[in-house]
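When reading the values below, keep in mind they use all heavy atoms of this one structure, side chains included, and skip hydrogens, waters and symmetry mates. Since this is a predicted model, take the numbers as computed values, not measurements.
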Amino acid sequence: GQQVMQIPQYQHVQEGEDFTTYCNSSTTLSNIQWYKQRPGGHPVFLIQLVKSGEVKKQKRLTFQFGEAKKNSSLHITATQTTDVGTYFCAGPRGGGNKLTFGTGTQLKVEL
Amino acid sequence: ETGVTQTPRHLVMGMTNKKSLKCEQHLGHNAMYWYKQSAKKPLELMFVYSLEERVENNSVPSRFSPECPNSSHLFLHLHTLQPEDSALYLCASSQGLLSPATNEKLFFGSGTQLSVL
């Protein structure tokens, strides 16, 4: 079945450093979504990418969808303590009404 | 506040107990979902409902029984659970069923942290 892997599993950075998480799917995706889950919280939708090679920015966050639509990345510039949490990518499978979530990357930001 | 409310927030139950998790969404959405989140494992889809009809049962053991009386409410009835069922159970909703052709996204509740002793 479809698998969605993310690397790294954990990342500790100093505040102000950059951070990148990579998402890789075993199958081609029609679109990809990204969610953020704060410690003790629930996943919150960040963005959806649809087009091959698409790049979207949200302030310090840059999301990219690979040309082959099998991988994606999230890059955070100059991390802040508010960026702490686990970032998940998710892609549709089956008839599309199911999302397969990635394994997640847990980000910790130290002052 | 996401518009999706789950109760209780925490639940401790024995293996012989029967309990129910409740989810209510105030967003006017037509699709609702149950997800299981275990430590160090990806979010696992359990059930999908669209307009009160179950459209997905993701090979979930029968000790988990969902109920969707209307498009705003979703329950997960629990019976004779095992310790390995301890996890965070998340309810989510979306306007319509997720589709590659739409921009549907999931709105999650805060979850019920379940411990089975």
Side-chain angles (χ1 to χ4, degrees), chain A residues 1-10 21 23-52 54 56 58 63 65 69-70 85-106, chain B residues 1-7 9-10 23 25 27 29-51 53-60 87-113:
Chain A
Q2 181 192 62
Q3 291 186 342
V4 182
M5 303 299 294
Q6 284 182 250
I7 54 171
Q9 188 175 359
Y10 303 98
T21 173
C23 175
N24 296 289
S25 171
S26 57
T27 59
T28 301
L29 300 170
S30 56
N31 62 69
I32 194 157
Q33 296 185 354
W34 284 90
Y35 291 79
K36 176 184 178 182
Q37 185 173 20
R38 294 182 183 275
H42 55 272
V44 175
F45 175 83
L46 293 177
I47 207 162
Q48 175 171 285
L49 303 170
V50 179
K51 299 177 182 177
S52 169
E54 187 172 13
K56 286 188 176 180
Q58 289 180 350
F63 303 84
F65 202 8
K69 302 183 76 173
K70 294 182 72 174
T86 302
Y87 293 85
F88 295 95
C89 61
R93 65 179 172 89
N97 61 3
K98 293 155 279 193
L99 273 183
T100 297
F101 278 81
T103 47
T105 295
Q106 183 178 352
Chain B
E1 178 59 51
T2 65
V4 181
T5 304
Q6 287 187 245
T7 55
R9 291 296 303 274
H10 303 273
C23 177
Q25 57 95 2
L27 301 170
H29 288 172
N30 295 317
M32 297 187 77
Y33 311 77
W34 279 116
Y35 277 87
K36 176 183 179 183
Q37 188 174 34
S38 305
K40 300 182 180 180
K41 292 181 69 175
L43 279 155
E44 301 173 65
L45 178 65
M46 300 176 72
F47 301 103
V48 180
Y49 276 83
S50 175
L51 295 171
E53 295 291 326
R54 190 190 309 180
V55 298
E56 179 70 22
N57 177 352
N58 209 32
S59 302
V60 179
L88 179 67
Y89 288 84
L90 290 160
C91 173
S93 70
S94 59
Q95 179 62 56
L97 282 175
L98 299 174
S99 162
T102 69
N103 289 321
E104 294 292 353
K105 57 191 178 188
L106 294 176
F107 292 78
F108 284 90
S110 299
T112 295
Q113 186 66 54

Closest approach of A/Gly102 to B/Pro42 (non-hydrogen atoms, all atoms of both residues): O-CB, 3.7 Å

In terms of heavy-atom proximity below 4.5 Å to chain B, should A/Gln37 be classed as side chain, backbone, both, or neither?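 It is the side chain, since no backbone atom gets that close.
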
Using the side-chain contact (heavy atoms from CB on, under 4.5 Å) definition, which of the options B/Leu98, B/Leu97, B/Leu45 pairs with A/Lys98?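 The residue from B/Leu98, B/Leu97, B/Leu45 that satisfies side-chain contact (heavy atoms from CB on, under 4.5 Å) with A/Lys98 turns out to be B/Leu45.
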
Tell me every residue that passes side-chain hydrogen bond (donor to acceptor under 3.5 Å, both in side chains) with B/Tyr89, counting only those two or more places apart in sequence or in another chain. none

What part of [X] lies closer than 4.5 angstrom to a heavy atom of chain A: side chain, backbone, both or neither?
X	result
B/Leu43	both
B/Glu104	backbone
B/Phe107	neither

Assess the residue pair A/Tyr35 and B/Leu106 against the criterion (side-chain contact (heavy atoms from CB on, under 4.5 Å)); give the C-alpha distance rounded to whole Å, side-chain angles, the decisive distance to 0.1 Å, and a yes or no. CA-CA 9 Å; A/Tyr35 291 79; B/Leu106 294 176; 3.5 Å; yes

Between B/Gly111, B/Gly109, B/Ala31, which shows the greatest number of heavy-atom pairs under 4.5 Å with chain A? B/Gly109

Once you round to the nearest 0.5 Å, how far does CG of A/Leu99 lie from NZ of B/Lys105?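 Interatomic distance, A/Leu99 CG to B/Lys105 NZ, rounded to 0.5 Å: 13.0 Å.
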
